[in-house]
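All figures in this text were calculated on a predicted structure; none of them were measured in a lab. Computed over heavy atoms, backbone and side chain alike; hydrogens, waters and symmetry mates excluded. Each ligand, and each atom within it, is numbered from 1 in the order the structure gives.
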Amino acid sequence: MLKAQRKRTDYTRWFRDVTLMAEVYDYRVLVKGCGVWPGYGFKLRNNVLNIIKSLLDATGHEECLFPLLIPQSLLAKEGEHIRSFEKEVFWVTKGGETELEEKLALRPTSETVIMPMFKLWIQSHTDLPKKVYQVVSVFRYETKATHPMIRVREVTMFKEAHTAHATYEDAERQVKEAIEIYRKFFDELSIPYVISKRPVWDKFAGAVYTISFDTLMPEGRTLQIGTVHNLGQNFSKPFEVEFLKPDGSRDYVYTTSYGVSERVIAALISIHGDDHGLLLPPKVAPIQVVIVPIPYKGKEREVYEASRKLYETLKEVGVRVKLDDRDDVTPGEKFYFWELKGVPVRVEIGPKDLEGGTVTLSRRDTLERTRHPVEELEVKVKELFKEIERSLSERSWREFREHLIYVNTLEEAKELVAKQEGIIHVAWCGSDDCGLKLESEVQGRVLGTPLDEKVEGKCVVCGENASYYVRLAKTY
Ligand code: A5A
Ligand code: ZN
C-alpha cells in the first residue's frame with residue numbers, strides 16, 4: 001500500500017509508487033532510461049507544456065520541428081560541443097542491411113541541426129531576431145544512474161528554444177527575456193527556484209555562459225529544472241550563419257538556446273505531493289474537481305441525479321470535472337483514489353446535502369471540508385482553486401527559503417552539504433582553483449553564483465577578497 005512509503009523518509013520509492021499508482025508515469029521499462037506516459041500523466045504533461053508554449057508564443061517565438069537525425073559531420077562542427085556530447089550520443093549506423101556512409105546521431109539537443117537552417121533562413125539584419133522552439137524527444141546515453149523523469153535517456157518532454165541576433169547585446173537581452181519566461185513558468189507551477197550563473201567548468205558545451213534554475217527536492221538535493229545559454233558566435237561561426245548589416249558589412253549572428261524537460265513534472269510532483277499521493281495545482285490538474293455521490297438507502301436515484309446536475313453545472317463553466325458514479329466502489333475508496341491522483345477539489349453530495357440544498361467541498365491540500373449552498377458551487381470552487389494555488393506557492397517557497405543557508409567557513413559548508421541541508425552559500429573569490437577545491441572539499445557541486453547578490457568578505461578557500469557568494473549542494 002502507498003501509505004507505507006513516506007515522502008520524507010523514502011523519497012525514491014515514494015516517487016516511483018505515486019507516479020505509477022496515480023498513472024502519471026510508468027517506469028517498469030523495456031529500455032533502460034525510457035519511461036511511458038499513460039493517459040493521465042500525458043494530460044498533466046500537456047497542461048504544463050501549454051503554459052510554457054503560450055509564454056513563448058506571446059514573446060514572438062515560433063514553434064517548429066527539426067529532424068531527429070543529425071549527420072556526424074554536423075554534430076562535430078563545434079569542437080567543444082561534440083567533445084562533451086560524444087560520450088552521450090546514440091548512433092544510427094545502418095539502414096536495414098546497408099552500412100550508412102555517414103553515421104547519424106539521435107539528437108542529444110538541436111543546435112547543430114538548427115544552425116544550417118538558420119543559415120538558409122537568415123540573410124539580412126531585417127530577418128533578426130529569429131526565435132524558434134520545438135518540443136521533442138532528445139536522446140542522451142546518460143552514464144550516471146538513471147532516475148525516472150529526472151535523468152532519462154530518452155528525454156520525452158524536451159522544450160528547446162533557439163534564437164539568433166544581430167548583436168551580442170541583443171543576445172544578452174534575449175537571455176534576460178528567457179529568464180523572465182522561465183520565472184513566470186515556474187511561478188505558475190508554484191515551484192521555487194534559485195537562479196545561478198554556472199561556473200565555467202559546468203556550462204553547456206559550446207556556450208559562452210549558462211544560467212540555471214535549480215529547485216530543491218525532498219531529499220535535500222537540488223535539481224536543475226531549466227537552463228539558458230548565451231552561445232555568442234560559437235555556433236554561428238563554424239556553421240557560417242552570416243547576415244548583412246545596415247551599413248552593408250557582414251557579421252555572424254549571435255545565438256542563445258534554453259531548455260526545460262520532464263524534470264519540471266518531477267519537481268511539481270515531488271514538491272507538492274504528500275503521503276496521500278499527488279497534489280496538483282488546479283491550473284494543470286487533468287481533473288480539477290471530482291464529484292463523489294454518497295448514496296443511501298432509498299435515495300440512491302436522487303443522489304445520483306443531483307450529482308449529475310452538479311457535474312453539468314461545472315462542465316458548462318469550463319471546469320475539468322469528473323463524476324465518479326461507479327456503483328461497485330465505496331465513497332471512502334473513491335476519496336482515497338482521487339486523493340492519490342492529486343485532484344485539487346472534491347465535491348460530495350450526501351443525504352444532508354440533498355435535504356438542505358447544499359454541497360460539501362473538500363480541498364486536497366489541507367483536506368478541509370466545508371458546506372455551501374448549492375447555488376454557490378461555481379463561485380466556491382473557483383475561490384478554492386485560487387486559494388489552493390496561493391497556499392501551495394506560499395508553502396513551497398517558505399520551505400525552500402528555510403533551506404537557503406549562508407555560512408562563513410568551509411567546515412560549516414562541508415557539514416551542511418553532507419547532511420543535505422539545502423543550498424549552502426559561502427563567499428568565493430571567483431577563481432576556478434578555489435571553486436574546484438570547494439567541490440572536492442564539500443563533496444557536492446558548485447551551482448554557481450547568484451545574479452544579483454554581492455558579498456563583501458573573504459573567500460572561504462584562499463582568504464582573498466570575495467565579491468561573490470557561491471552556492472553549494474548535493475545534486476542529481
Ligand atoms: N540546447 C540547450 C537548451 C540544452 O540542451 N540545454 S541542457 O543540456 O542544459 O538541457 C536543458 C534542460 O533539460 C536541463 O536544464 C535539464 O533540466 C533537462 N535535462 C537535461 N538532460 C536531461 C535528462 N537526461 N533527463 C531529464 N532532463 C534532462
Ligand atoms: Zn579563493
Chemist: CG of Asn408: more than 12 outside heavy atoms within 6.0 angstrom?
Modeler: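 No - once you tally the heavy atoms of other residues, nucleotides and ligands closer than 6.0 Å, there are 12 at most.
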Chemist: Pick out which of Arg151, Arg263, Arg445, Glu219 makes a side-chain hydrogen bond (donor to acceptor under 3.5 Å, both in side chains) with Tyr476.
Modeler: Glu219
Chemist: More than 12 foreign heavy atoms under 6.0 Å from CD of Glu387: is that the case here?
Modeler: yes
Chemist: Which atoms form the tightest heavy-atom contact between Lys7 and Gly273, and what is the distance?
Modeler: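 Smallest heavy-atom distance, with atoms named: NZ-O, 2.7 Å.
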Chemist: Got the residues with a heavy atom under 4.0 Å of ligand 1, by chain and number?
Modeler: Thr109, Glu111, Arg140, Glu142, Met149, Ile150, Arg151, Val152, Val155, Phe158, Phe204, Gln224, Ile225, Gly226, Thr227, His229, Ser257, Tyr258, Gly259, Ser261, Arg263
Chemist: For the pair Trp397 and Phe400, name the ring-plane relationship: parallel under 30°, tilted 30 to 60°, perpendicular over 60°.
Modeler: perpendicular
Chemist: What residue among Val135, Val138, Val155 forms side chain to side chain contact (heavy atoms under 4.5 Å, CB included) with Glu160?
Modeler: Val138
Chemist: Indicate the atoms forming the closest heavy-atom contact of Tyr27 with Gly33, along with that distance.
Modeler: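 Between these two residues, the closest heavy atoms are OH-CA, 3.4 Å.
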Chemist: For the residue pair Ser270 and Pro218, what are the closest heavy atoms and their distance?
Modeler: O-CG, 3.5 Å
Chemist: Leaving waters out, which protein N, O or S atoms fall under 2.8 Å from the Zn ion (ligand 2)?
Modeler: Cys429 SG, Cys434 SG, Cys459 SG, Cys462 SG
Chemist: Any salt bridge linking Glu441 with Lys414? Criterion: basic side-chain nitrogen under 4.0 Å from a carboxylate oxygen.
Modeler: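 A salt bridge is present here (some side-chain N lies under 4.0 Å from a carboxylate O).
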